[in-house]
Structure formats: structure tokens, C-alpha cells
Undergrad: 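Here's a structure for you.
Along the sequence shown, the residues carry numbers beginning at 1. Both counts, for ligands and for their atoms, begin at 1 and track the order of listing.
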Amino acid sequence: MAKNVLDTLERPQASAGDEGHVYFRTLFDCSPDPVWIIDGSRFIDCNMAAVRMLGYASRDEFLFTHPSDLSPPCQPDGTLSYDKAERLIAEVRSGGSTLRFEWLHKRADGSLFPAEVTLCPIQLDGRQLIYCTWRDISERKQAESDLTLAASVFHASREGIMVTDAAGLIQSVNPAFTDITGFTAEDAVGASPRLLKSDHHDPAFYEGMWRELMQRGSWQGEVWNRRKSGEVYLQWTTISAIPHPSGGHARFVAIFTDVTDLRRKDDQIKHQAYHDALTGLPNRLLLADRLQHAITVADRDDTPLALLFLDLDRFKLINDSLGHEVGDRLLREVSRRIADNLRKSDTVARLGGDEFVVLLPGQDMQDAAQVAEKIIAVLARPFDLDGQRVRTATSIGIALYPRDGGDAATLMRQADAAMYRAKAEGDGGFSFVDPDLNSRAALRLEQEAALHRAVENGEFELFYQPKVLLSSGAPCGAEALIRWRSPEGLIAPDQFIPLAEETGLIVPIGAWVLEEACRQTMIWRRQGLDIEVAVNLSPRQFRDEALPERLAAILAETGLPGSALELELTESTVMGNPTKAAAMLHRIRALGVAVSVDDFGTGYSSLAYLKKFPINAVKIDRSFIADMTQDADDDAIVQMIIALAQSLRLKVVAEGVEQQHQQGALQAMGCDMVQGYLHSRPLPADQFRAWLESRPSHPKE
Ligand code: C2E
Ligand code: CA
Ligand code: CA
């Protein structure tokens with residue numbers, strides 16, 4: 001049995017020694033902390049805690065173990081355990097002070113564990129010994145290495161990591177955060193995470209995020225953020241709440257990756273799936289989608305819808321003779337020309353080869369014919385393909401929804417068939433599914449072209465119809481009424497004004513009428529005829545913001561005083577947008593020009609409403625006058641209009657007065673003026689002047 005150092009060294013003297021000795025021996029043995037005594041480089045004593053800690057069966061077994069067996073050959077820093085132990089012991093001995101260090105131990109079973117060792121020099125009976133205690137620090141070491149691992153993950157992670165503190169400010173960020181956002185740790189730490197905010201999300205988005213974070217402790221999703229450079233990017237983000245150990249506010253960790261490129265590729269793939277690679281136009285798939293949608297909208301809103309099927313004539317010939325590259329270039333140029341001539345809401349798709357489809361939501365037969373005509377014209381212009389001049393013609397088939405088919409497939413089939421019929425006619429052109437429409441469309445296109453020519457050639461004339469004062473029987477003015485002297489003869493305005501209005505040609509036509517009426521009236525006035533002129537104004541002219549300026553310019557140019565001009569507007573023109581109309585009327589009246597409401601009684605017929613507008617007169621529609629004295633209702637209406645107009649201090653003109661008895665009745669009702677065949681039909685300027693001069697009572701002075 002090994003001799004215990006405490007037994008041998010302390011026994012001799014000490015009177016109370018025996019008791020004290022036993023006391024300390026017990027303390028030594030029972031201490032839960034392992035203790036050894038080292039003499040020189042040998043272990044000469046230890047307690048049971050040390051024996052247990054190192055996994056030996058008994059104290060003797062432990063004390064007989066060679067010290068080199070208590071450690072692995074090397075320590076974690078690479079030094080030999082034996083050398084290092086010698087050095088440390090020597091240091092304690094020579095320095096006489098306590099030394100604390102970490103040591104890697106080996107248990108009896110060969111397993112290793114880290115310990116914190118304290119060596120303390122003691123003098124015992126003139127011998128210098130070392131008192132040594134140690135602690136197993138496996139757990140602490142584990143925690144430390146966990147921390148180190150966490151830190152290196154934080155630093156090495158390719159995902160951006162941002163931690164916010166309880167106050168909601170950024171506490172730390174990792175290098176990947178800087179790589180992705182461009183903000184350095186100095187920029188970010190202490191700042192609010194709003195630093196990264198883009199304006200791509202509404203407040204509701206962030207509210208939802210917070211709600212989920214608070215309820216579930218985490219949130220995942222895509223967020224559009226902004227880099228330091230200002231660029232907006234998409235990040236896939238996971239935010240986790242880390243509750244504070246002592247309650248209180250949580251901290252948050254956001255881990256994110258930049259998925260902008262991924263998304264872009266995704267979008268690209270989607271784009272490729274729905275577009276034609278050569279021209280970039282929507283392909284058959286996207287067209288099917290749009291067509292289905294357009295049909296749904298047409299049904300819901302009860303609006304028209306047209307589908308054009310296009311095919312280039314002789315494309316195969318061009319492709320075969322000039323090569324595919326020229327063919328491809330031609331197709332690209334064709335796509336561009338078609339697209340340039342469509343509205344935003346229209347779709348042009350390429351089905352493949354030289355087949356294109358144009359979808360025109362909200363457009364009827366007439367619109368479709370116009371678009372087809374325009375496309376045929378732009379594609380008829382020669383193509384310059386790298387020095388090669390190429391010409392092609394286009395055949396178009398037009399299907400209308402719902403008359404030519406109730407579903408997408410039928411519409412496509414029908415338009416395709418119509419295209420073949422157009423092609424059979426040869427040399428480009430279009431054909432409706434319903435052949436009856438072809439002649440109607442052709443007629444209209446013809447009329448439109450003719451009207452264009454009429455504007456260019458100045459084929460219009462003004463006729464004048466007198467207005468007569470009922471009080472004196474004297475003519476007081478004239479209404480200018482347009483006529484079209486076309487190659488086929490004189491055409492009445494009802495035949496072309498609606499078309500002019502639709503096509504916008506009314507703007508140049510209307511401007512001419514105003515100028516011509518003012519010019520002619522000024523000539524008469526210079527000749528001593530005190531005459532005023534009334535000009536009809538179309539809705540489109542009235543909507544033109546520049547109308548007052550244009551009027552002022554015409555008055556200045558012709559010399560006609562504003563008070564000698566009156567504009568006739570229908571109720572619907574004024575009531576379309578009452579606020580705007582009132583403003584426009586005030587601007588017109590400021591020029592001294594009078595305004596009357598034409599065809600009164602056929603529209604809204606709200607005199608009370610008209611009170612709000614600065615107008616001078618109403619013209620009772622001739623449909624009421626025609627049946628007067630035969631239809632008691634019409635009689636009553638006319639009487640009421642006159643009475644109301646008088647109470648609003650508006651002048652009243654009756655139109656279409658053909659019979660003496662009509663005039664008599666109107667006179668009895670207090671009507672101010674009449675206009676109609678009874679006095680004169682509308683006459684060309686020279687005849688109007690002759691009519692005026694033939695009157696027994698000359699126009700007023
Ligand atoms: P409106 O302004 O109501 O013009 C009166 C129309 O009634 C004229 O037809 C005139 O010829 C006709 N008329 C006059 N007296 C009688 C009559 O006793 N019996 C019958 N049955 N009819 C009579 P017109 O000249 O064919 O003009 C038709 C419409 O065309 C005009 O109706 C006016 O709305 C429009 N219009 C005429 N000239 C112009 C113009 O220069 N610009 C615009 N925007 N519209 C015009
Ligand atoms: Ca009129
Ligand atoms: Ca009228």
C-alpha cells in the first residue's frame with residue numbers, strides 16, 4: 001500500500017495534532033474537488049475525488065500510475081505533455097506562486113477531458129511540495145467551442161444575417177449582409193432596419209409580417225429591399241424572434257438571400273414560354289389566354305371584339321429565294337410595323353411562319369376594317385432588308401365576336417377561313433367572315449376616303465337660311481348650313497357629318513365653316529345689310545380647349561364683331577360634362593359671341609339646368625313644330641318651353657316652320673323668331689342676298 005504523505009509528514013509532533021491531523025485528513029479525502037500532492041515530479045498523495053475523476057479503482061492504483069499516463073502525449077497547443085508539465089512545475093517551484101492553466105487529461109479508460117489545473121506551492125516540514133487541484137471544464141469548453149462555431153458560421157455564412165436589439169435597432173450584421181446590401185457594419189449597426197426599405201410594399205404588407213412574427217415567433221417570405229446603391233432587389237427572408245431570457249422585448253434575427261437573379265431567370269423563362277423567340281411577340285399560348293379574357297370582358301360589358309388573321313403573300317418565295325436570314329428580318333420588321341399601328345390594349349401575336357393574329361378588344365366591324373386597311377397599307381410599303389428591297393402583300397381575315405363564333409376556337413377558325421378567301425382575291429386585302437360586311441366596310445372606307453378628298457379639295461359650300469322676327473316680320477339673321485358638292489352631286493349634312501364627327505374630319509371642316517360664315521357675313525355687313533349669322537358647332541369642336549382662341553382669331557381676321565356671331569349647340573353637347581361646358585361657354589361669351597341650344601326638346605330638356613349655363617336662346621326642335629295645331633301634346637310642350645324660356649329671359653326660335661298656321665300659333669304663344677320653309681329654304685350665299693333684297697321690309701338698320 002502506498003504511503004500517504006499526510007500520514008507520514010504530519011504525524012510526529014502536534015499534541016492536539018492527532019485530532020487536527022484526522023480532521024484535515026478527512027477534509028482532504030472528502031473534498032468534492034479533486035486534489036493531488038506533487039513532490040518533485042511524482043504524485044505522492046491524492047483524494048478520492050481525484051481518483052474518481054480520472055476513473056481509477058483506488059487511490060493506490062492511481063498513485064502507482066506513471067504521470068505520463070495521465071495525459072495524452074501532446075497538449076492541444078502541440079507541446080509534449082511531459083515537457084510542458086515539467087516546465088510548469090518548475091515554474092511554480094522557482095516562482096513560489098500559484099499557477100492556473102488548462103490541461104488535457106487522460107482517464108484510466110483512455111478518454112480525454114479538459115481540466116483547469118491550479119498548482120500551488122506549499123512548504124511541509126521543510127519539504128517543498130505542490131498542492132494541485134483541478135476541475136473538469138468539458139462543459140465550459142463545449143460551450144466555448146459552440147460559440148466559436150456560431151461566430152464562424154455568422155461570419156462565413158453566405159446568407160445575410162441581421163440581428164436587431166430590444167429597441168428595434170440593428171445590433172450586428174455579418175459580412176454577407178454587406179455583400180448583399182452594400183451597407184457596412186458601421187453603416188448598419190445602431191440604425192433602424194428601415195435603412196433597407198424600398199417602396200415596393202404597402203403598409204399592410206409590413207403589418208402582416210409583424211402580426212405573424214408576434215403570433216408565431218417567425219416569418220418567411222419575399223421582401224423587396226433597397227441596396228445602398230439605391231438599387232431595389234428581392235430577398236428571401238426568414239425572421240425569427242429570440243425571446244429575452246428575462247421576458248421583456250424580444251430580439252430578432254433576419255437571415256436572407258438575394259433572389260433577384262433567380263426571379264429574373266424565372267421571369268425570363270416565363271417570358272420565353274409565352275413569346276415568340278424571333279419577334280418577341282406573344283405566341284399562340286399567350287394569344288389564347290388574351291382572347292379568352294377578351295371574350296369574358298366582351299360578355300360582361302357587352303362590348304364588341306374583333307379578331308384579325310394575317311398572312312403575308314409570297315413569304316415562302318422570299319424565304320426560299322433570299323434565304324432564311326432575310327426572311328427572319330422581314331418577319332421582325334413586319335411585327336414592328338403592325339405593333340406600331342395598334343393601340344396599347346390590342347394584341348398582335350405570331351402563330352408561327354408568316355401567320356399573325358391581331359386581337360382588337362372593344363372594336364367593332366368598322367374599327368376592324370380600319371385597322372386591317374392600315375396594316376395592309378403599312379405592310380405594302382417596301383422593306384429594306386440590308387440593301388435588299390422586298391415587297392409583300394398582306395391578306396387578312398376578320399372575325400367578329402359574337403356574331404362569327406361564340407368561343408375562341410371558332411373565332412380563330414373562322415378568321416383563318418376568311419383570310420383564305422381574302423387571299424384568293426389576290427394581292428392583299430381583307431375579308432370578313434360574313435361576306436355582307438365586306439361591301440359595307442368597303443362602302444364606308446370609300447366614303448371616308450372621299451370625305452378626306454373633299455376636305456383637301458375644298459368641296460364644301462355654305463347655304464344660309466333666314467331667321468325672321470315675329471314681332472316685325474323682318475329677317476334678323478341666318479343659320480349657316482353646310483353642303484358637300486361632291487362629284488356625285490350635292491350632299492346634305494346628315495349624310496356626312498356623323499362620319500366626319502367619327503373620323504375627326506369635323507375639326508378641319510368645322511373650322512372652315514366658322515371662317516367662311518364669318519367672312520361672308522362680314523361682306524354683307526359691309527354692303528349695309530345688318531345681318532347676324534348662326535353656326536352649328538359639333539361636340540368635338542366644342543370639346544377643343546383651343547376653341548375660344550380660334551374664334552377670337554377668326555373674328556379678328558374677318559373683322560366680324562363677336563355680337564354678330566351665334567353658336568348653336570345641342571343639349572347633349574353641353575350636358576356631357578356640365579362643369580367643363582359651363583367654363584367653355586363663359587370663355588365663348590366673353591368674346592361677345594351668343595350661344596343657343598339647338599334641337600331643344602329632344603334631349604335632356606331641362607330648362608332649369610340650362611339656367612346654370614350662360615346661354616342666350618333656345619331653338620325648339622322642328623319635330624314639335626311639325627305636329628303643332630294637330631297634336632295637343634306638342635302644342636302644350638311648345639307653349640311650356642316658350643313660357644319657361646321667357647321666365648329665364650332666353651330668346652326662343654322655332655325651327656321648321658312651314659305653314660302659316662304654325663307661325664300664327666307661335667306668335668300667339670309669344671315666340672320670338674321663326675325659321676323654316678315658310679320664309680325660305682337654306683340658300684346659296686348669292687341667292688340668300690337676293691332673297692333679303694326682295695323682301696318688302698328690309699333687315700333692320
Ligand atoms: P339643324 O341645325 O337642326 O339645322 C336645321 C335643319 O332643318 C337644316 O337641315 C334645314 O335645312 C332644315 N330645315 C329648315 N327649315 C325647315 C323646314 O321648314 N322643314 C324641314 N323639314 N326642314 C327644315 P340641313 O341643312 O340638312 O342640316 C341638317 C343638320 O346638319 C343640321 O340640323 C345640323 O345639325 C347639321 N349641320 C348643318 N350644317 C352644319 C355645320 O356646318 N356644322 C355642323 N357641325 N353641323 C351642321
Ligand atoms: Ca342648327
Ligand atoms: Ca335644329
Side-chain angles (χ1 to χ4, degrees), residues 451 454-455 458-468 475 477-485 489-521 532-544 547 550-551 554 565-574 594-603 615-629 651-663 666 671 673-685 687-688 691:
L451 197 57
V455 172
E459 293 174 10
F460 300 106
E461 257 174 54
L462 287 188
F463 277 35
Y464 297 86
Q465 185 179 37
K467 280 193 274 186
V468 174
E479 177 176 4
L481 294 158
I482 194 169
R483 300 290 179 264
W484 174 6
R485 197 169 291 283
L490 205 62
I491 302 178
D494 292 336
Q495 303 296 306
F496 65 89
I497 293 287
L499 184 63
E501 177 76 22
E502 238 178 80
T503 54
L505 282 170
I506 192 71
V507 175
I509 294 175
W512 175 84
V513 171
L514 268 171
E515 251 178 72
E516 175 60 18
C518 292
R519 191 191 61 80
Q520 180 61 67
T521 308
E532 290 166 6
V533 73
V535 171
N536 293 286
L537 208 66
S538 86
R540 211 190 259 247
Q541 282 175 282
F542 185 68
R543 282 199 304 269
D544 182 359
L547 175 67
R550 200 161 296 171
L551 276 174
I554 291 172
L565 178 64
E566 179 168 357
L567 299 180
E568 297 192 2
L569 296 163
T570 61
E571 283 170 278
S572 53
T573 306
V574 177
V595 174
S596 61
V597 176
D598 209 353
D599 303 344
F600 191 79
T602 58
I615 57 171
N616 306 80
V618 292
K619 295 185 80 175
I620 305 175
D621 191 70
R622 66 170 185 268
S623 60
F624 299 104
I625 309 299
D627 296 338
M628 252 180 91
T629 69
K651 292 274 179 235
V652 186
V653 185
E655 287 188 311
V657 177
E658 297 182 0
Q659 319 273 329
Q660 194 59 56
H661 68 86
Q662 292 165 334
Q663 177 163 309
L666 286 162
C671 181
M673 283 163 267
V674 293
Q675 178 184 343
Y677 296 169
L678 177 66
H679 295 284
S680 169
R681 291 184 171 261
L683 301 168
Q687 290 178 35
F688 176 76
W691 177 88

Undergrad: Which heavy atom of Q675 sits nearest to which heavy atom of Q465, and what is that distance?
TA: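 Scanning both residues completely, I find the closest heavy atoms to be NE2-OE1, 2.8 Å.
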Undergrad: Taking R622 for the side chain and E655 for the main chain, is one N or O donor matched with an acceptor at less than 3.5 Å?
TA: no
Undergrad: Is there any N or O on R622 that sits under 3.5 Å from an N or O of ligand 1?
TA: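 Yes; at least one N/O pair falls below 3.5 Å.
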Undergrad: With a 3.5 Å distance limit and no angle check, can you tell me whether N536 reaches the backbone of E568 through a side-chain donor-acceptor pair?
TA: no
Undergrad: Could you establish whether R483 and ligand 1 come within less than 4.0 Å of each other, counting only heavy atoms on the residue side?
TA: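 So R483 counts as touching ligand 1.
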Undergrad: Under 4.0 Å from a heavy atom of D598: give me the atoms of ligand 1 that qualify, with their elements.
TA: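 In order of numbering, the contacting atoms are 2 (O).
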Undergrad: Please report the closest heavy-atom contact between R483 and F463, naming both atoms and the distance.
TA: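 Heavy atoms of R483 and F463 come nearest at CG-CD1, 3.5 Å.
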Undergrad: If I take the Ca ion (ligand 2) as the centre, what angle separates the OD1 atom of N536 from the OE2 atom of E479? Nearest 10 degrees is fine.
TA: 90°
Undergrad: Before giving the answer on salt bridge (charged side-chain N to carboxylate O under 4.0 Å, His left out), spell out for K651 and E566 the whole-Å C-alpha distance, their side-chain angles and the decisive distance to 0.1 Å.
TA: CA-CA 13 Å; K651 292 274 179 235; E566 179 168 357; over 6 Å; no
Undergrad: Give, rounded to 10 degrees, the angle between OE1 (E568) and OD2 (D598) as seen from the Ca ion (ligand 2).
TA: 90°
Undergrad: Counting C-beta onward and ignoring hydrogens, is there a side-chain heavy-atom pair between L565 and C518 closer than 4.5 Å?
TA: yes
Undergrad: Just to be sure I read this right, does ligand 1 sit under 4.0 Å from the backbone of L462, its side chain, both, or neither, counting only heavy atoms?
TA: neither
Undergrad: Using side-chain hydrogen bond (donor to acceptor under 3.5 Å, both in side chains) as the criterion, list what pairs up with Q662, not counting sequence neighbours.
TA: none
Undergrad: Heavy atom of G656 under 4.0 Å from ligand 1?
TA: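 For ligand 1, residue contact (heavy atoms, under 4.0 Å) with G656 is present.
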Undergrad: List ligand 1 atoms under 4.0 Å from D599, heavy atoms only on the residue side.
TA: 3 (O)
Undergrad: Output yes when a side-chain donor or acceptor of Q541 lies under 3.5 Å from a complementary backbone atom of I506, and no otherwise.
TA: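 No; judged by distance alone, with no hydrogens or angles, the pair does not exist.
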Undergrad: Which one holds for R681 and ligand 1: side chain close, backbone close, both close, or neither close, with close meaning a heavy atom under 4.0 Å?
TA: neither
Undergrad: Using the six-membered ring wherever Trp is involved, compare the ring planes of W484 and F460 and label them parallel, tilted or perpendicular (cut-offs 30° and 60°).
TA: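 Plane angle between 30° and 60°, so tilted.
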Undergrad: Are V533 and Y464 close enough that some pair of their side-chain heavy atoms sits under 4.5 Å apart?
TA: yes
Undergrad: Treating Q659 as the side-chain partner and L678 as the backbone partner, does any N or O pair qualify as donor plus acceptor under 3.5 Å?
TA: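 It does not hold such a pair.
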Undergrad: Any idea which part of D621 is under 4.0 Å from ligand 1, heavy-atom wise: side chain, backbone, both or neither?
TA: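 None of D621 does.
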Undergrad: At under 4.0 Å between heavy atoms, is it the side chain or the backbone of K619 that contacts ligand 1, or both, or neither?
TA: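 No part of K619 comes within reach of ligand 1.
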Undergrad: Could you tell me which atoms of ligand 1, counted from 1 in the order shown, lie closer than 4.0 angstrom to a heavy atom of Q465?
TA: 14 (C), 15 (N)
Undergrad: So if I count the atoms of ligand 1 from 1 in the order they appear, which ones are less than 4.0 Å from some heavy atom of E479?
TA: 2 (O), 4 (O)
Undergrad: Does some non-hydrogen atom of E501 fall short of 4.0 Å from ligand 1?
TA: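 No, that is not the case, since the closest heavy atom of the residue is not under 4.0 Å from the ligand.
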Undergrad: Which heavy atom in A594 sits nearest to a heavy atom in N616, and how many Å separate them?
TA: CA-OD1, 3.3 Å
Undergrad: Please classify the S538 to ligand 1 contact at 4.0 Å (heavy-atom distances, strictly less than): side chain, backbone, both or neither.
TA: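 Looking at S538 and ligand 1, atoms from backbone and side chain both fall under 4.0 Å.
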Undergrad: Compare every heavy atom of T570 with every heavy atom of D599, then report the nearest pair and how far apart it is.
TA: OD2-CG2, 3.9 Å
Undergrad: Under 4.0 Å from a heavy atom of P493: which atoms of ligand 1 are those, numbered in the order shown and with their elements?
TA: 24 (P), 25 (O), 26 (O), 27 (O), 28 (C), 30 (O), 36 (N), 37 (C)
Undergrad: Short list, please: which atoms of ligand 1 are under 4.0 Å from a heavy atom of E658?
TA: 17 (C), 18 (O), 19 (N), 20 (C), 21 (N)
Undergrad: Check V513 against ligand 1 and report side chain, backbone, both or neither, counting heavy atoms closer than 4.0 Å.
TA: side chain
Undergrad: P682 heavy atoms, cut-off 4.0 Å: which ligand 1 atoms fall inside?
TA: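 Heavy-atom distances to P682 below 4.0 Å select 11 (O).
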Undergrad: Check each of N536, T573, T570 against atom 42 (N) of ligand 1 and report the one with the nearest heavy atom.
TA: N536
Undergrad: Measure E655 to ligand 1 on non-hydrogen atoms and call it side chain, backbone, both or neither using the 4.0 Å cut-off.
TA: side chain
